[in-house]
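Let me begin by presenting the structure, written as structure tokens, before commenting on it.
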Amino acid sequence: LNQGVSHSPRPRYAGHGEGGSARPFGLKWKYFLGDGATSTPAFADGKVVVCTESGMIHVVEGATGHKAWGRRIAAGSGAGFVFSSPLIRDGRIYVGAKDHHLYCVDLRSGEVHWAHDAGKEIYAAPKGDARGIVFSTADGHVICLDPQSGERRWRFQADREIGAAAAIWGQQLLIPGRDRTMYRIDY
């Protein structure tokens, strides 16, 4: 008789490794975030980075699940939400928040290198390389910043808000807009 509740011990899974031999897999660790995750995790240099709705960046040791550090980067009534997934590049974390800022934070120490006020909410993940860190805002701006200083290199205005991350395609950016338009711009 199914009463809508089931209980079983921690599941054990078996898969096939090289040569057809079975290998166990499953849960390796859990890390308590304290509130809801609002980003896709990013991974670099053995660290996992995830952001939460209270404006926290959590950095966890990938091998063990132990806390490396945690830091609130965005705060305020409803402004703390970090919706964008982090970009990790050259030992720095770049992440946008509802408080209108793109933050650059040191991956190892948690020190905030800079915070750029974009003037509007940032929902989509930043992208970038040595040419710059590119992100979009809720009012349709696509902004490119210097990765080291946070100084603005250029800004493009779309016809409506941009809610998705750009794709880097060689010397171009592909940016889908809420106006049902795909923009291809020089990068």
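Values reported hereafter were calculated over all heavy atoms of this structure, with side chains retained and with hydrogens, waters and symmetry mates removed.
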In terms of hydrophobic clusters joined by side-chain contacts under 4.5 Å, are [X] and [Y] together?
X	Y	value
Tyr103	Val59	yes
Leu33	Val60	yes
Ile57	Val112	yes

Measure the [atom1]-[atom2] distance between [X] and [Y] for me, rounded to the nearest 0.5 Å.
X	Y	atom1	atom2	value
Arg180	Met182	CZ	CE	15.0 Å
Lys47	Ile88	NZ	CD1	10.0 Å
Cys104	Ile93	SG	CD1	9.0 Å
Lys120	Ile162	NZ	CD1	14.0 Å
Trp69	His58	CH2	NE2	10.0 Å
Leu145	Gln148	CG	CD	12.0 Å

Check the pair Asp129, Arg131 against salt bridge (charged side-chain N to carboxylate O under 4.0 Å, His left out), reporting the backbone distance first and the verdict last.
CA-CA 5 Å; Asp129 56 24; Arg131 293 172 287 181; 2.6 Å; yes
For Glu121 and Asp139, indicate whether the former's side chain and the latter's backbone hold a donor-acceptor pair under 3.5 Å.
no
No-hydrogen, no-angle side-chain donor-acceptor test under 3.5 Å, Asp186 and Gln171
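Gln171 and Asp186 do not have a side-chain donor-acceptor pair below 3.5 Å.
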Nearest heavy atoms of [X] and [Y], plus distance in Å:
X	Y	result
Pro147	Arg153	CD-NH2, 3.9 Å
Val49	Leu107	CG2-CD1, 3.8 Å
Gly65	Trp29	CA-CD2, 3.2 Å
Leu173	Trp154	CD1-CH2, 3.6 Å
Ala68	Glu61	CB-OE2, 3.6 Å
Gly170	Tyr187	O-CD2, 4.5 Å

Salt-bridge present (Arg178, Glu161; N to O < 4.0 Å)
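Yes, charged N to carboxylate O under 4.0 Å.
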Quick check on side chain to side chain contact (heavy atoms under 4.5 Å, CB included): which of Ile185, Ile168, Val142 does Val134 satisfy it with?
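Only match with Val134 under side chain to side chain contact (heavy atoms under 4.5 Å, CB included): Val142.
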Do [X] and [Y] come within less than 4.5 Å of each other through their side chains, counting heavy atoms only?
X	Y	value
His116	His101	no
Arg155	Cys144	no
Arg152	Ile143	yes
Ser136	Ile122	no
Val95	Leu87	no

Phe135 ring center within less than 6.0 Å of Tyr94 ring center
no
Using ring centroids (six-membered ring only for Trp), state whether His141 and Phe156 fall under 6.0 Å.
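No, they do not, as the ring centres are separated by 6.0 Å or more.
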Audit row: Val105, Trp114, side chain to side chain contact (heavy atoms under 4.5 Å, CB included) steps and yes/no
CA-CA 7 Å; Val105 181; Trp114 50 260; over 6 Å; no
For residues 37-45, dump all side-chain donor-acceptor pairs below 3.5 Å to protein atoms at least two apart in sequence or in another chain.
from	atom 1	to	atom 2	distance (Å)
Thr38	OG1	Val82	O	2.1
Ser39	OG	Cys51	N	3.0
Thr40	OG1	Ser85	OG	3.4

Which is it for His66 and Tyr31 under the side chain to side chain contact (heavy atoms under 4.5 Å, CB included) test, yes or no, and what are the steps along the way?
CA-CA 7 Å; His66 294 130; Tyr31 178 83; over 6 Å; no
